[in-house]
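As the structure is a computational prediction, the values presented were derived from the model and not from experiment. Order of the sequence lines sets the chain letters (A, B, ...), proteins ahead of strands, with each chain counted from 1.
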Amino acid sequence: MNEKIILCLGILLILIFGCTQANTTNLTQNETPRQTYTVQYVEQHLEELVSNPNSEAVYQGFTIKGIIEDDHFKESTIKFNIGLSSMIYDFQPEQEYEFTGTLFKNEQGQYEFWATSSNAPPYTGTNESNTTEVVKSTAQTEGQLIQDLVKAIKASFELN
Amino acid sequence: MNKLGILGIGLILLASLVFAITLTAEATEKVEVPAAFKTQVCDENDSTNCKELIFGVAYAFPKGSTTIDQASEMLVFEMDNIIYRTTGTLFEYYANTPGDSDYTTDPATITGVIIKGMSGRSNLSAVNNDGTETDSDAEYKVDLSYSNGRIGNELKNLEFKINEIKYILSEILDQSSFTWIPGTGIVEATP
């Protein structure tokens, strides 16, 4: 009798353990991993805007308006990387963002979009963008600050 | 010592303190660099004797300042891993072309394309590795594009004299224009 009870308890434990593992696995698979999206979406959209003169786009000072509804963008970082202009923002779904700037075609035939936004989320720059954070200064004297300034000048050559 | 004297000394000490902290990282809002260049300069008497010279124009904005009038203007140079920087008021002039002997100190009197020139001797100090500074006998002369009250990013002329050798601009290897925020370390290129 005792052996049967122990066997049943053993099977029960195995079943409980198995279910727990299965749930954990499902949770992991269902979680949307945090990704960085290179926004070909925007590049395509710009192509459309440029090719359609009746759209909101003009070559100077145009506005892009759109609601990001795609669940892919939920809690994700969207990377704008159009030509020389790289910006990283944390966008929220179902929120309308507005960018105003200048669009032009560079010598390589790529579209470059320089813009500002009145309501985009805070900028979260990284070394991938046109902002770098390599020259943090804690200078306590003018001389030390000048030394760091020269480092900043050298770093800036990489950005231009 | 009377009260007025004590007050005067106090004010001088305060002014010294304010000046001293203006150019620390914590007390600096930002540094705008409208023009910076990596150049090759060559001995004017020996074109095979060439060196790399880094040069930049910088405006250091103290915390709370909003206009360029409140910023400290300075030039920085680096040659042979030694940094030089201008101290005090710069001698500035404006002309239509580099080397124009008919220069003026008032840009409003010039019509057409203006260059802004800066030159000086005995006001360049060498910045040592530990951040201290020593006087230098280096001399410089710089001519840059200038419009709408701002320095542009076109280098017209550059001379740098050190140890009795005058180096003149041979080639611009790289250039930039940017804003630097010392406390956060952000360097942002000017489009």
Side-chain angles (χ1 to χ4, degrees), chain A residues 59-61 80-89 99-107 110-117 120 122-160, chain B residues 19-28 30-33 35-38 52 54-60 72 74-79 81-87 125-134 153 173-191:
Chain A
Y59 276 90
Q60 296 287 328
F80 279 74
N81 191 355
I82 304 168
L84 297 176
S85 179
S86 295
M87 294 173 284
I88 293 176
Y89 288 96
F99 292 87
T100 304
T102 304
L103 175 73
F104 59 94
K105 223 170 188 175
N106 65 22
E107 291 175 351
Q110 300 165 319
Y111 288 104
E112 293 184 8
F113 177 47
W114 296 86
T116 56
S117 173
Y123 169 79
T124 53
T126 72
N127 288 338
E128 292 175 350
S129 71
N130 68 338
T131 299
T132 183
E133 299 181 16
V134 295
V135 196
K136 191 171 184 176
S137 176
T138 56
Q140 296 296 309
T141 67
E142 290 181 29
Q144 289 167 348
L145 190 72
I146 301 300
Q147 286 179 328
D148 290 338
L149 172 61
V150 171
K151 289 178 191 169
I153 287 174
K154 290 176 179 176
S156 73
F157 293 141
E158 306 300 320
L159 303 175
N160 285 265
Chain B
F19 181 74
I21 64 173
T22 297
L23 290 181
T24 65
E26 196 176 339
T28 303
K30 63 178 178 178
V31 181
E32 283 187 4
V33 180
F37 302 89
K38 183 197 288 184
E52 184 179 289
I54 286 173
F55 157 69
V57 185
Y59 293 90
S72 304
M74 75 179 85
L75 309 183
V76 293
F77 302 85
E78 186 191 65
M79 178 186 271
N81 294 318
I82 301 174
I83 295 170
Y84 305 87
R85 66 102 167 201
T86 55
T87 59
S125 72
V127 182
N128 303 314
N129 288 335
D130 61 0
T132 60
E133 299 182 52
T134 50
N153 58 4
L173 304 172
D174 220 333
Q175 68 182 88
S176 66
S177 176
F178 68 96
T179 298
W180 176 48
I181 303 172
T184 59
I186 288 176
V187 175
E188 192 165 60
T190 304

Exercise. Taking all non-hydrogen atoms of both residues into account, name the closest pair between A:F157 and B:D174 and its distance.
Key: CB-OD2, 3.6 Å

Self-check item: Test side chain to side chain contact (heavy atoms under 4.5 Å, CB included) applied to B:F77 and A:V150, step by step
Solution: CA-CA 8 Å; B:F77 302 85; A:V150 171; over 6 Å; no

Quiz prompt | side chain to side chain contact (heavy atoms under 4.5 Å, CB included) between B:M74 and A:I146, intermediate numbers included | solution = CA-CA 10 Å; B:M74 75 179 85; A:I146 301 300; 3.1 Å; yes

Quiz item: So how far is it from A:Q147 CD to B:R85 CZ, rounded to the nearest 0.5 Å?
Solution: 11.0 Å

Exercise. State, to 0.1 Å, how close B:G56 and A:I153 come at their nearest heavy-atom pair, and which atoms those are.
Key: CA-CD1, 4.2 Å

Quiz item: Are side-chain heavy atoms of A:D148 and B:P182 found at a separation under 4.5 Å?
Solution: no

Quiz item: Rounded to the nearest 0.5 Å, how far does CG of B:N129 lie from CD of A:Q144?
Solution: 11.5 Å

Self-check item: Shortest non-hydrogen contact from A:L149 toward B:A58
Solution: CD2-CB, 3.7 Å

Quiz item: Hey, is CG on B:D130 packed in by over 12 heavy atoms from elsewhere, all under 6.0 Å?
Solution: yes

Quiz prompt | Minimal non-hydrogen separation, B:S176 against A:S156, with atom names | solution = OG-OG, 2.6 Å

Quiz prompt | For the student: nearest non-hydrogen atoms of A:T141 and B:T24, plus distance | solution = N-CG2, 4.3 Å

Quiz item: Can you tell me how far the CD atom of A:E142 sits from the OG atom of B:S72, to the nearest 0.5 Å?
Solution: 8.0 Å

Quiz item: Can you name the residues that form a side-chain contact (heavy atoms from CB on, under 4.5 Å) with B:L173, not counting sequence neighbours?
Solution: B:K38, B:Q40, B:E52, B:E171

Quiz item: What's the shortest heavy-atom distance between B:I54 and A:K154, and which atoms?
Solution: CD1-CE, 3.6 Å

Quiz item: Measuring heavy-atom distances to chain A, does B:A36 have an atom under 4.5 Å in its side chain, in its backbone, in both, or in neither?
Solution: both

